[in-house]
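Shown next, in structure tokens, is the structure this report addresses.
FYI, side chains are in, hydrogens and waters are out, and symmetry mates aren't considered; it's all heavy atoms of this structure. Index from 1, following the sequence.
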Amino acid sequence: MAEEKIKILEQFYYAMFKPKLYNKLSKLKVVNVIIYTIMLLMFTTIIRFGMPAGAWIASRGGLTSVIVDKVPAFVIENNEFQIEKPFNAVIAGFAIKADSSIDRYDIGELPAEEQMAAVCIGKDSIIVIASGMGMETKWSDMAVTRFDNQSLANLIPYIYVYIAIEIFLMFIILLMRYLVIGLIFAFIGLNFSKMLKIDLSYWKIFELALYAQTLGHVASTIAAVIGGIEVNMIMSFASVLITAFILNGGILAHKGDASAYL
């Protein structure tokens, strides 16, 4: 099979809008497919988490301004959290809730979107939720004598590092999810190719599935940024249909003249 040389942007265009040219994509080296997938997921991770977080911070004059001027006065002392008034914010889909009138937050009572990613600070404990999994820490278990707004402002460099680590972890989670979905679609595509007597291996169809997910993945990312949880759920379902349609077209592209089938 002759090796193709296609630039990343061309691959992106073919992947989304030209399934009839997937026979060209299937001639790329595995390393090209890996680079494409990693770059795509890095791009959508930044759009989904990095850009909203950066825009939120910049629009409020930086983290120092947010912590010192925007966040109500709070203090953690004598194993208790006290805040002047309840505080709620959403940054890149990540909810932050603080209310000292609540002893501890119950994850099950949070809105559905907040059960996926949130920091909930109550009088007796803090709960950090990431990817639907929560970890609770009691203030009594922490060696803190006193911690307030200024103490938090002094940790800003570490907060930026934490944000970067969280975005990187989200990239890894999205990448793993993307690969798993690709494996599932590859199994479906393999059966489709056998029905049509198109000679493609499971792993070759897996590579095609990584490309076929592009349009649905990008659309879901945009929906997650600009829409609510309902829009995101609808778009996630639609992306499955979009991916199936494109993958089938990409497989058909390997049967004689692609234009005769698409």
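Proximity of a side-chain donor or acceptor of Asn149 to a complementary backbone N or O of Ile67 within less than 3.5 Å is detected. Remark: the backbone N or O of Arg60 is paired with a side-chain donor or acceptor of Ser65 at under 3.5 angstrom.
Within the 4.5 Å cutoff, side-chain heavy atoms of Ile173 are placed close to those of Met170. Put simply, the side chain of Thr37 does not reach to within 4.5 Å of the side chain of Glu207, judged on heavy atoms. Side-chain contact between Lys27 and Lys24: absent, with no pair of heavy atoms (C-beta onward) separated by less than 4.5 Å. Residues Ile96 and Asn88 fail the side-chain proximity criterion, which asks for heavy atoms closer than 4.5 Å. Two residues are said to be in side-chain contact when any heavy atoms from C-beta on lie closer than 4.5 Å; Ile8 and Asn32 fail this criterion. Looking at Thr137 and Ile127, their side chains never come closer than 4.5 Å, going by heavy atoms from C-beta outward. Using a 4.5 Å heavy-atom threshold, the side chains of Leu110 and Lys97 count as touching. At a threshold of 4.5 Å between non-hydrogen side-chain atoms, the residues Thr145 and Asn78 do not count as touching.
Note that the CE atom of Met42 and the CD1 atom of Ile167 stand 11.5 Å from one another [nearest 0.5 Å]. To the nearest 0.5 Å, atom CG of residue Asp99 and atom CZ of residue Phe87 are 12.5 Å apart. Remark: Asp106 CG to Glu136 CD distance equals 9.5 Å, nearest 0.5 Å. Of the inter-residue distances, the one linking Ile181 atom CD1 with Phe185 atom CZ reads 7.5 Å to the nearest 0.5 angstrom. Expressed to the nearest 0.5 Å, how far CD1 of Ile107 lies from CD1 of Ile129 amounts to 4.0 Å. The CD1 atom of Ile242 sits 13.5 Å away from the CG atom of Leu247 when rounded to the nearest 0.5 Å.
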**OP:** Please report the C-alpha distance between Leu21 and Leu25 in whole Å, then the side-chain angles of each, then the deciding distance to 0.1 Å, and finally whether the side-chain contact (heavy atoms from CB on, under 4.5 Å) criterion is met.
**Re:** CA-CA 7 Å; Leu21 297 179; Leu25 295 177; over 6 Å; no

**OP:** Give the intermediate values and the outcome of side-chain contact (heavy atoms from CB on, under 4.5 Å) for residues Val71 and Phe74.
**Re:** CA-CA 8 Å; Val71 175; Phe74 72 88; 4.1 Å; yes

Subject >> Steps toward side-chain contact (heavy atoms from CB on, under 4.5 Å) verdict (Gln82, Glu80) >> reply: CA-CA 7 Å; Gln82 293 294 331; Glu80 285 188 358; 3.6 Å; yes

**OP:** In sequence, state the C-alpha distance, the side-chain angles, and the governing distance for Ile163 and Ile57, and then conclude on side-chain contact (heavy atoms from CB on, under 4.5 Å).
**Re:** CA-CA 12 Å; Ile163 292 173; Ile57 293 170; 4.2 Å; yes

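Each salt bridge (charged side-chain N to carboxylate O under 4.0 Å, His left out) pair with one or both residues in residues 141-162, not counting sequence neighbours, appears once here: Glu77-Arg146, Arg146-Asp148. Among pairs with a residue in residues 140-169, none fulfils ring-ring contact (aromatic ring centres under 6.0 Å, His included), at least two apart in sequence or across chains. The side-chain hydrogen bond (donor to acceptor under 3.5 Å, both in side chains) pairs that include a residue from residues 212-226 are Tyr36-Thr214, Thr44-His217, where partners are two or more places apart or lie in different chains.
Between Tyr22 and Ala253 the shortest heavy-atom distance is N-CB, 4.2 Å. Taking every heavy atom of both residues into account, Val66 and Trp56 meet most closely at CG1-CH2, 3.8 Å. Minimum heavy-atom separation, Leu190 to Leu200: CD1-O, 3.6 Å. When every heavy atom of Ala186 is checked against every heavy atom of Ala209, the shortest pair comes out as N-CB, 4.3 Å. Heavy atoms only, all atoms of each residue included: Leu196 and Lys255 are closest at O-NZ, 3.4 Å. For the pair Ile47 and Pro52, the tightest heavy-atom approach, listed with the atom from each and the gap, is O-CD, 3.1 Å.
Environment of CG in Leu241: crowded, with over 12 heavy atoms of neighbouring residues, nucleotides or ligands closer than 6.0 Å. Met39 CE: 12 or fewer foreign heavy atoms inside a 6.0 Å radius. Atom CG of Asp199 has 12 or fewer heavy atoms from other residues, nucleotides or ligands within 6.0 Å. Within 6.0 Å of NZ on Lys138 lie no more than 12 heavy atoms contributed by other residues, nucleotides or ligands.
Val128 and Val161 are members of different hydrophobic clusters when ILVMFWY side chains are connected at heavy-atom separations under 4.5 Å. In the hydrophobic clustering of this structure, Val30 groups with Leu210; members are Ile, Leu, Val, Met, Phe, Trp, Tyr whose side-chain heavy atoms approach within less than 4.5 Å, directly or through other members. At a threshold of 4.5 Å between side-chain heavy atoms, the hydrophobic network of Ile, Leu, Val, Met, Phe, Trp and Tyr places Leu155 and Ile165 in two separate groups. Hydrophobic clustering of Ile, Leu, Val, Met, Phe, Trp and Tyr side chains at less than 4.5 Å, counting indirect connections, keeps Leu169 apart from Leu174. Tyr202 and Ile205 fall within the same hydrophobic cluster, defined by Ile, Leu, Val, Met, Phe, Trp and Tyr side-chain heavy atoms under 4.5 Å apart, directly or through other members.
Among residues two or more places apart in sequence or in another chain, the side-chain contact (heavy atoms from CB on, under 4.5 Å) test is passed with Pro111 by Glu113, Glu114. With sequence neighbours excluded, the residues satisfying side-chain contact (heavy atoms from CB on, under 4.5 Å) with Ile121 are Phe81, Ala98, Val119, Ile126, Trp139.
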For residues 11-19, which side-chain donor-acceptor pairs fall under 3.5 Å, sequence neighbours excluded?
from  : atom 1 : to     : atom 2 : distance (Å)
Gln11 : OE1    : Tyr211 : OH     : 2.8
Gln11 : NE2    : Ile6   : O      : 2.8

